[in-house]
A.B. asks: 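Before I ask anything, let me first share the structure, which is written out below as structure tokens.
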Amino acid sequence: MPMYKVKPVSPADIKIDVPSCMYKSPNVHAHGMNCGEHALQNGEVDPSLKALEERQDEVLRRLYELKATVDGFAKTVTTPDADLDASTPSPGPAESVFKGTADLDSLLGKDLGALRDIVINANPARPPLSLLVLHALLCQRYQVLSSVHVHSSVSAVPPPLLSCLGPRHIDSYARQRFQLGFTLIWKDVSELQMKFSTQSMCPIEGEANVARFLFRLLGAEPQDPVAATQMDCWIDKAVFQLSEGGSKDRAAVLRSLNAALGRSPWLLGQEFSLADIVCACFVLRAGQTTSAPVNVQRWLKSCQNLGHFDCVYPFLQ
């Protein structure tokens, strides 16, 4: 005997049509059936099938974008090849001498959700002065998150090297607010190396080659093939003769500089370029400032007046 008895709230003679299959679809092979309603005919597609395909394409597009964003976030948490984080500096206020425009997406390719990291391994016995100047110029063009690290292969680093990129940025904790990452690692390496987009690009070696890469990010590279060739020639002279050559080689380069600077204020004419940056830094590093010819000394003074070379003078004392 049931504990509770409840009267039915609906009549008992209701008939419910229960389907015999989960999804009902008309038989397109049946006689007299218009197959054009569901299949291809005259290049047209069933609207419902087309809507389903568009929805699938949209889902796949969103998945690809999500994957790119996740890959970008994975790059932002990658630990650089260093053991001690010395500082996270930021640029100082200065006016750029380059008036051209540059877009990182057009120069480096679009990279969703990731901060483009430039990681440079340099020996503290040979500080890359030209790269410090280029870093200052990049900071005027982009939002740059800079940092200095010390590798375990180096026992001690002078204090100026730890602060060579400037003071710590107040927003250094928020990487998403920056466009470019500039990481300098003091490491015991025989040749300066730069790593960028390690998944698709091999390391760049040599201060001159890295300087060329960074200069292109400023969008100020000469468009004239003759000027571009002249710029490369001056850079090669600075590297192979001023830095690695003997006293006769250095004297020959100084004479060439003096002759060129007697005809124009800068090495490529009226425009300040990478040739001036690299050559000036190597002349200063070689200690040829006081013994240089008149035009070279005037040119070095002009470089100093720009303000971009202030970061290199602590290493010359």
Side-chain angles (χ1 to χ4, degrees), residues 96-104 106-108 118 120-123 126-138 140-141 182 189-197 201-246 248-286 288 292-293 295-296 299-300 302-303 306 308-309 312:
S96 177
V97 295
F98 303 113
K99 305 302 181 183
T101 58
D103 178 41
L104 286 179
S106 61
L107 293 171
L108 302 177
I118 296 174
I120 298 174
N121 295 325
N123 197 315
R126 298 183 299 276
L129 303 183
S130 63
L131 304 189
L132 300 182
V133 177
L134 289 168
H135 167 264
L137 292 171
L138 286 172
Q140 297 171 16
R141 184 62 58 89
F182 194 100
V189 291
S190 59
E191 188 77 14
L192 183 139
Q193 298 176 346
M194 188 202 76
K195 298 178 181 179
F196 175 79
S197 184
M201 179 178 174
C202 62
I204 297 177
E205 293 188 349
E207 182 175 347
N209 295 325
V210 175
R212 290 184 176 99
F213 177 87
L214 297 179
F215 187 70
R216 290 188 178 98
L217 299 184
L218 295 171
E221 190 178 15
Q223 300 300 317
D224 180 15
V226 176
T229 303
Q230 291 175 345
M231 184 179 71
D232 285 333
C233 289
W234 282 117
I235 294 174
D236 290 340
K237 286 183 179 181
V239 173
F240 297 111
Q241 292 182 262
L242 277 177
S243 178
E244 302 177 2
K248 292 184 178 180
D249 293 326
R250 290 193 291 269
V253 174
L254 290 176
R255 288 194 297 268
S256 299
L257 288 172
N258 190 62
L261 295 170
R263 299 186 295 266
S264 60
W266 304 108
L267 292 178
L268 296 187
Q270 302 299 319
E271 299 293 334
F272 180 76
S273 69
L274 180 62
D276 299 287
I277 296 175
V278 175
C279 289
C281 287
F282 278 94
V283 169
L284 292 172
R285 179 186 293 172
Q288 304 290 327
N295 293 332
V296 176
W299 166 67
L300 291 174
S302 299
C303 292
L306 291 176
H308 309 305
F309 290 79
V312 306

A.B. asks: At their closest point, which heavy atom of Ala211 faces which heavy atom of Val278, and how far apart are they?
C.D. replies: CB-CG2, 4.3 Å
A.B. asks: Hey, can you tell me if His308 and Phe272 have their rings parallel, tilted or perpendicular (30° and 60° cut-offs)?
C.D. replies: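 Answer is tilted, since the angle falls between 30° and 60°.
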A.B. asks: Is a side-chain donor or acceptor of Asp249 paired with a backbone partner of Gly246 at a separation under 3.5 angstrom?
C.D. replies: yes
A.B. asks: Between CD1 of Ile120 and CG of Leu214, what distance do you get to the nearest 0.5 Å?
C.D. replies: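 Result: 5.5 Å between the selected atoms.
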A.B. asks: Minimum heavy-atom separation for Ile235 to Ala275, with atom names?
C.D. replies: CG1-CA, 4.4 Å
A.B. asks: Which heavy atom of Pro222 sits nearest to which heavy atom of Ala227, and what is that distance?
C.D. replies: CB-CB, 3.9 Å
A.B. asks: When you compare the side chains of Asn209 and Arg212, does any donor N or O come within less than 3.5 Å of an acceptor on the partner?
C.D. replies: yes
A.B. asks: Looking only at atom types and distance, does a side-chain atom of Asp276 sit under 3.5 Å from a main-chain N or O of Leu267, one as donor and one as acceptor?
C.D. replies: yes
A.B. asks: Can you confirm whether Leu192 sits close enough to Asn123 that some side-chain heavy atom of one is under 4.5 Å from a side-chain heavy atom of the other?
C.D. replies: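 A side-chain contact under 4.5 Å is absent here.
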A.B. asks: Walk me through it: do Val253 and Phe282 pass the test side chain to side chain contact (heavy atoms under 4.5 Å, CB included)?
C.D. replies: CA-CA 11 Å; Val253 174; Phe282 278 94; over 6 Å; no
A.B. asks: Nearest 0.5 Å, please: how far is CH2 in Trp266 from SG in Cys279?
C.D. replies: 12.5 Å
A.B. asks: Show the nearest heavy-atom pair for residues Ala260 and Trp234, with the distance to one decimal.
C.D. replies: CB-CZ2, 3.6 Å
A.B. asks: Report the distance from atom CD of Gln140 to atom NE2 of His135, rounding to the nearest 0.5 Å.
C.D. replies: 10.5 Å
A.B. asks: Checking Glu244 side chain against Leu242 main chain: does a donor-acceptor pair fall under 3.5 Å?
C.D. replies: no
A.B. asks: Tell me if a side-chain donor or acceptor on Asn258 pairs with a main-chain N or O of Asn295 at a distance below 3.5 Å.
C.D. replies: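 Here the side-chain-to-backbone pair exists.
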A.B. asks: Rounded at 0.5 Å granularity, tell me how far OG in Ser256 sits from CD in Gln241.
C.D. replies: 7.5 Å
A.B. asks: If I take atom CD from residue Glu221 and atom CZ from residue Phe215, how far apart are they, to the nearest 0.5 angstrom?
C.D. replies: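 With rounding to 0.5 Å, CD (Glu221) is 7.5 Å from CZ (Phe215).
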A.B. asks: Give the intermediate values and the outcome of side chain to side chain contact (heavy atoms under 4.5 Å, CB included) for residues Val239 and Glu207.
C.D. replies: CA-CA 8 Å; Val239 173; Glu207 182 175 347; over 6 Å; no
A.B. asks: Counting only N and O atoms by type, is there a donor-acceptor contact under 3.5 Å from the side chain of Arg126 to the main-chain atoms of Ser190?
C.D. replies: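 Yes.
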A.B. asks: Ile277 and Leu137: which non-hydrogen atoms are nearest, and at how many Å?
C.D. replies: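 Smallest heavy-atom distance, with atoms named: CD1-CD1, 3.7 Å.
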A.B. asks: Mind checking whether Leu134 and Leu274 have side chains closer than 4.5 Å, heavy atoms only?
C.D. replies: yes
A.B. asks: Rounded at 0.5 Å granularity, tell me how far CE in Met194 sits from CD in Glu205.
C.D. replies: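 Here the rounded value is 11.5 Å.
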A.B. asks: Looking only at heavy atoms, which two atoms of Ala286 and Arg250 are closest? And how far apart?
C.D. replies: CB-CD, 4.2 Å
